[in-house]
Amino acid sequence: MELTDVKGVGAKTAEKLNKLGICSPRDAIYFYPKFYWDMTKETDLESIESGDYVLLKGFLTSVSGLIRAKRGLSFCTAYLNTQGKKIKLTWFNSPFVVSLLKQSGEFLFWGKARLNGKKIEMSNPSFEKAEDNKRLQGIVPIYPLKDAVGQQTFRNIVKACLENTHIASRLDEFCDMSLDNAFRIVHDPTDMEITKTARRRIAIEELVYQIIAYRVIKNNSANKKPHPYLCSLQDIKQDILDLPYQLTPSQNKAIEEIIEDLRGDRHTNRMLMGDVGSGKTVIALLTCLFAKKCGSQSAIMAPTEILARQHYRTALSLFGDKLRVALLTSSTAAADKKTIITALGKGELDLIVGTHAVLNDKVKFDNLGLIVIDELHRFGVRQKSKLEDKAVGVDTLVMSATPIPRALALSIYGDLDMSVLQPREGTGDNISTFVMGDDKLKGLYKFINERVSYGEQAYIVCPLVEDSEGLEVFSAKMLYKQLVKKELAELNVGLVYGSMKDKEKSEIMARFYAGDIDVLVATSVIEVGIDSQRASVMAVLNSDRFGLAALHQLRGRVGRNPNIKSYCFLHTSKQEENERLNALQNNRDGLKIAEIDADMRGYGDFLGVNQSGGSGKIGVFINKRLIEECKDIADNLMQEGSIYTEYDEMLAKYLDLLQGVSLN
């Protein structure tokens with residue numbers, strides 16, 4: 001059946017749908033609603049936030065006539081009395097509403113609510129008399145159509161597609177709801193709880209096939225390891241003994257696990273997990289040294305130039321006489337860049353340390369065998385995959401103080417091994433974390449003045465560089481201007497953010513390290529690679545706009561000196577964010593924080609696949625329990641064997657999608 005065979009789909013409509021990735025009736029069915037308008041009951045005004053869609057019922061206390069403004073604009077206002085509140089309603093350029101609103105009786109109103117202080121306002125809400133109530137009822141699916149076709153038109157198209165289709169699934173025997181029934185409920189819901197169950201059933205279908213496709217591709221590549229590691233741990237024993245300090249028991253265990261992986265038959269796919277100060281960098285460099293002794297080149301990619309330079313300095317300091325190392329970033333001079341790239345291609349370098357500059361198509365290796373990616377949560381799946389594509393069958397080591405939910409989900413699933421480093425004794429024990437509201441800001445600035453008077457330093461981090469219209473959040477530039485004139489006028493305050501030129505950033509950081517700057521106002525650019533022994537205060541404003549992984553990293557910028565008591569302040573204007581922030585306040589363990597964050601926010605697209613064709617995501621909260629349930633179903637299907645012998649459209653789709661995605 002072609003798309004144009006569906007009732008209501010002519011050639012022009014089909015062309016518009018094609019642009020959305022909808023090329024067949026099946027594509028239309030798999031094009032999920034982005035959200036729903038639930039008009040089954042009145043909205044409780046005590047629980048709404050600005051921007052929520054609400055259904056209100058009540059009597060109008062006043063209705064203005066049509067008011068004409070400049071440039072042809074006209075509007076009408078009315079006030080609705082409901083739930084003990086007075087709601088302002090405004091309609092623009094809609095002269096016909098005046099006579100309709102002046103009818104007596106109770107009305108229903110549907111639209112987006114805006115909170116203006118304690119007042120609630122609505123613009124251009126839909127309405128009808130309560131006694132009629134034919135339109136504003138039920139649950140209405142809303143699709144991400146980008147104005148290609150109307151919402152009602154598309155709902156009718158999907159309905160027609162479902163009338164002529166039965167969606168069979170071999171997973172039905174493992175689930176309480178059939179896939180066919182799930183799709184019918186998702187597109188034509190009558191109850192939101194049942195709709196959630198249906199969306200979860202569809203999510204199971206997709207996750208199971210993602211897992212199976214993932215395993216098939218991994219198994220197919222298992223015997224294609226072109227970089228044999230013929231050395232053993234014994235070959236770097238002396239290098240470990242030559243270090244200026246002794247490795248901790250967990251560091252020794254980690255290097256043993258990594259080398260055992262490298263010497264195995266399968267590609268290494270391991271996460272090195274450890275909080276700030278646990279010694280991840282030296283383990284990564286020892287791994288690169290081991291790769292060099294086995295005849296392979298290595299690459300370490302960091303998210304910022306500051307962190308890349310730090311790794312480069314550490315490599316030169318610890319292994320400068322054993323590894324031929326170069327640094328490659330966007331600020332590397334053109335002539336130096338050319339020399340480095342040439343040396344890499346000829347095999348005259350053992351290790352390249354860099355930023356995203358390493359991903360450049362001109363960067364080619366003679367024999368790349370190992371990549372190390374630091375601060376995994378700062379990179380996209382495709383960026384990581386692009387680095388891996390620079391050689392066939394590279395081994396991968398990723399490092400993070402707080403693994404992203406995707407990496408955590410993969411470790412639960414069993415395709416990402418994890419080595420955990422324990423912090424050195426005393427590391428981070430001297431940091432106290434506090435969640436605070438707007439009423440504590442003056443006290444915060446007073447506290448910073450006090451700590452600086454003791455010879456200490458502070459960071460103040462904002463979510464934005466500049467103010468953004470419509471967002472009531474702190475920006476680094478505006479806060480800097482305020483602080484130098486008012487609250488911190490007696491101190492030396494610096495400003496740093498990501499879009500600054502690298503040279504300017506380096507100068508600011510050098511002044512901070514030298515003690516010429518007391519307080520550094522910044523964005524999350526300082527999340528990694530910053531190390532000042534005198535910094536004792538980290539204040540993150542609007543911390544609810546940051547992920548827990550980022551907040552945990554920012555907290556790690558203080559407490560570097562065990563002899564100085566340090567403090568981390570997490571500011572929020574949102575009371576409902578306290579549960580998430582309190583989790584950080586009560587935990588120092590990065591792995592535990594990642595688990596809490598994932599349980600609260602979900603694991604997202606845990607295999608790194610963004611579906612092309614269709615709206616992409618079914619919008620289900622993916623947690624550990626769901627992944628494990630899907631893993632069990634995948635185990636059963638693969639043991640049964642028919643998944644390999646019978647063509648399956650869903651499996652074919654994910655095999656195709658995963659070919660271009662990093663499988664580590």
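Between Phe31 and Leu20, the closest heavy-atom pair is CE1-O, 3.9 Å. In terms of heavy atoms, Thr523 sits closest to Ala476 at CG2-CB, 4.2 Å. When all heavy atoms of Gly279 and Gln251 are compared, the pair lying nearest together is O-NE2, 3.1 Å. Taking both residues in full, the closest heavy atoms of Cys288 and Leu323 are given as O-CD2, 4.2 Å, listed atom of the first, atom of the second, then distance.
To the nearest 0.5 angstrom, Lys631 atom NZ is 12.5 Å from Ile212 atom CD1. Interatomic distance, CG of Leu479 versus CG of Leu464, reported as 11.5 Å (0.5 Å rounding). The distance from atom CZ of Arg557 to atom CZ of Arg560, rounded to the nearest 0.5 Å, is 4.5 Å. Here Leu233 contributes atom CG and Ile259 contributes atom CD1; the two are 4.5 Å apart, rounded to the nearest 0.5 Å. Here the CG atom belonging to Leu349 is positioned 7.5 Å from the CD atom belonging to Gln297, to the nearest 0.5 angstrom. With rounding to the nearest 0.5 angstrom, the NE2 atom of His311 is 11.5 Å from the OG1 atom of Thr355.
Residues Val282 and Tyr245 meet the side-chain proximity criterion, which asks for heavy atoms closer than 4.5 Å. The side-chain heavy atoms of Ile593 and Leu551, taken from C-beta on, include no pair separated by under 4.5 Å. Residues Val461 and Met538 are in side-chain contact: their nearest non-hydrogen atoms beyond the backbone lie under 4.5 Å apart. Looking at heavy atoms from C-beta onward, His267 lies out of side-chain contact with Thr396 at the 4.5 angstrom threshold. Within the 4.5 Å cutoff, no side-chain heavy atoms of Leu421 are placed close to those of Thr248. Counting heavy atoms from C-beta on, the side chains of Ile255 and Phe290 never come closer than 4.5 Å. Side-chain contact between Leu230 and Cys294: absent, with no pair of heavy atoms (C-beta onward) separated by less than 4.5 Å.
Summarising the local packing, CE of Met478 is surrounded by 12 or fewer heavy atoms from other residues, nucleotides or ligands at distances under 6.0 Å. Counted within 6.0 Å of CD on Glu260, heavy atoms from surrounding residues, nucleotides or ligands total 12 or fewer; the atom is thus considered open. No more than 12 heavy atoms of other residues, nucleotides or ligands shown are found within 6.0 angstrom of NZ on Lys253.
Within the structure, side chain to side chain donor-acceptor pair (under 3.5 Å) pairs that include any residue of residues 316-327 comprise Asp239-Lys322, Asp242-Lys322, Arg324-Asp350 (at least two apart or interchain). Within the structure, salt bridge (Lys or Arg N to Asp or Glu O under 4.0 Å) contacts touching residues 505-519 (residues at least two apart or in different chains) are Asp502-Lys505.
Remark: Arg270 engages Asp261 in a salt bridge, criterion side-chain N to carboxylate O under 4.0 Å.
Asn367 places no side-chain N or O within donor-acceptor distance of the main-chain N or O of Gly347, the cut-off being under 3.5 Å.
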